[in-house]
Amino acid sequence: MVNRETLLAGLRKVSELLAEKGVVGEIDIFGGAAMMLAFQARQSTKDVDAVFAPVPEIREAAARAASEFDMAPDWLNDAAKGFLSPRGDFTDEYVPQFPNLRILTPTPQYLLAMKVLASRVGVRVSGGDKADIQFLIRLVGLTRSEQVMEIVAQYYDPARVPIRSAYLVDEIFQEQERES
């Protein structure tokens, strides 16, 4: 598990190691790590799903940071790149920046769409994607399931969205209604 403090230390170290080589890199962070880093909506995450460039230099720097901060060797990985939307929107508004490393996260709307598409419940830290979806719905200010699914359709072909995703979004709004 990686907490926010360790993640920031690891990213700072990556920036320092890139500076030693005269390289400026970029890391686009997704998933639970984005929820933790950008919105402080989680205490920790299993790993950091990201895409990054230049790949060899960042992989090497991340491996060195892993050993220094006692993180898993694959704490920074690009396993999520198959789930990205070609229409994805990114921002640096919510995250710290480093001299030789630009950090981006999906906009709240794009991150919401990604989380709804995944719709994993109870399999991750902090309640799975359901807790993240609930947080993002509140952050974006949505009041109906249809609004959420319209955002998802901005980024992904509706035919690609599993039916469980729509059911989960409906369930979230039903729970909110009961709590009101």
Side-chain angles (χ1 to χ4, degrees), residues 1-4 7 11 26-53 55 58 62 71-95 103-180:
M1 296 302 252
V2 178
N3 64 30
R4 190 173 198 278
L7 175 56
L11 293 171
E26 180 176 303
I27 300 178
D28 302 346
I29 296 176
F30 306 100
M35 295 296 298
M36 182 179 69
L37 187 62
F39 306 114
Q40 298 183 32
R42 292 177 169 215
Q43 297 300 311
S44 62
T45 187
K46 187 178 107 179
D47 58 6
V48 178
D49 298 318
V51 293
F52 42 87
V55 173
I58 290 181
M71 295 187 286
D74 63 346
W75 70 274
L76 181 67
N77 67 76
D78 60 0
K81 65 184 173 188
F83 298 98
L84 303 182
S85 168
R87 298 183 296 267
D89 299 315
F90 295 88
T91 182
D92 63 5
E93 180 179 349
Y94 306 100
V95 290
I103 307 293
L104 298 173
T105 61
T107 61
Q109 292 82 358
Y110 180 32
L111 188 54
L112 174 61
M114 293 176 86
K115 288 290 185 174
V116 169
L117 186 71
S119 292
R120 297 161 299 187
V121 180
V123 296
R124 291 253 182 193
V125 177
S126 302
D129 291 323
K130 181 177 180 180
D132 293 340
I133 292 166
Q134 289 169 315
F135 178 90
L136 292 164
I137 284 170
R138 285 190 301 276
L139 180 70
V140 176
L142 305 175
T143 57
R144 296 184 335 276
S145 298
E146 296 79 19
Q147 293 171 309
V148 175
M149 299 316 287
E150 287 169 9
I151 288 174
V152 174
Q154 290 174 14
Y155 298 99
Y156 298 102
D157 177 354
R160 185 174 169 199
V161 180
I163 191 71
R164 73 174 184 274
S165 298
Y167 288 147
L168 179 60
V169 171
D170 286 342
E171 177 183 310
I172 289 168
F173 282 101
Q174 288 168 1
E175 288 174 4
Q176 286 179 353
E177 192 174 294
R178 281 192 299 269
E179 292 171 4
S180 297

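Since this is a predicted model, take the numbers as computed values, not measurements. FYI, side chains are in, hydrogens and waters are out, and symmetry mates aren't considered; it's all heavy atoms of this structure.
D47 has its side chain out of reach of L76: every pair of non-hydrogen atoms, C-beta onward, lies at least 4.5 Å apart. Between D132 and R42 the shortest side-chain heavy-atom distance falls below 4.5 Å. Using a 4.5 Å heavy-atom cutoff, the side chains of I103 and L37 are in contact. T105 places none of its side-chain heavy atoms less than 4.5 Å from the side chain of L111. With a 4.5 Å cut-off on side-chain heavy atoms, Q109 and V140 count as touching.
The minimum heavy-atom distance linking P106 with F90 is given by the pair N-CD2, 3.9 Å. Closest approach of A33 and I29 over heavy atoms only: CB-CG2, 3.6 Å. Shortest non-hydrogen contact noted between L136 and K115 is CD1-CG, 4.3 Å. The shortest heavy-atom contact between Y94 and P108 is OH-CG, 3.6 Å. Summarising the geometry of I27 relative to A50, their closest heavy-atom pair is CG2-CB, 3.7 Å, with the distance given to 0.1 Å. Nearest heavy atoms, A62 versus W75: O-NE1, 2.9 Å.
In this structure, F83 has its ring center at least 6.0 angstrom away from the ring center of Y156.
Going from atom CD1 of I133 over to atom CG of L112 covers 7.0 Å, rounded to the nearest 0.5 Å. Distance OG1/T143 to CD/Q176: 9.5 Å, rounded to 0.5 Å. Put simply, CG on D92 and CG on D28 are 10.5 Å apart, with the number rounded to the nearest 0.5 Å. Rounding to the nearest 0.5 Å places NZ of K46 at 8.0 Å from CG of D74. We find the CG-CG distance between L117 and D129 to be 9.5 Å, quoted to the nearest 0.5 Å. The CD atom of Q43 sits 10.5 Å away from the CZ atom of R4 when rounded to the nearest 0.5 Å.
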Residues 166-174 side chain polar contacts: donor-acceptor under 3.5 Å, at least two apart:
from, atom 1, to, atom 2, distance (Å)
D170, OD1, S145, OG, 2.8
E171, OE2, K130, NZ, 2.5

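Under the 30°/60° scheme for interplanar angles, the aromatic rings of Y110 and F30 are found to stand perpendicular.
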Assess whether side chain to side chain contact (heavy atoms under 4.5 Å, CB included) is satisfied between L84 and M114, documenting all intermediate values.
-> CA-CA 8 Å; L84 303 182; M114 293 176 86; 3.7 Å; yes
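Tested against V116, the residues I137, I151, V148 include a single side chain to side chain contact (heavy atoms under 4.5 Å, CB included) partner, V148.
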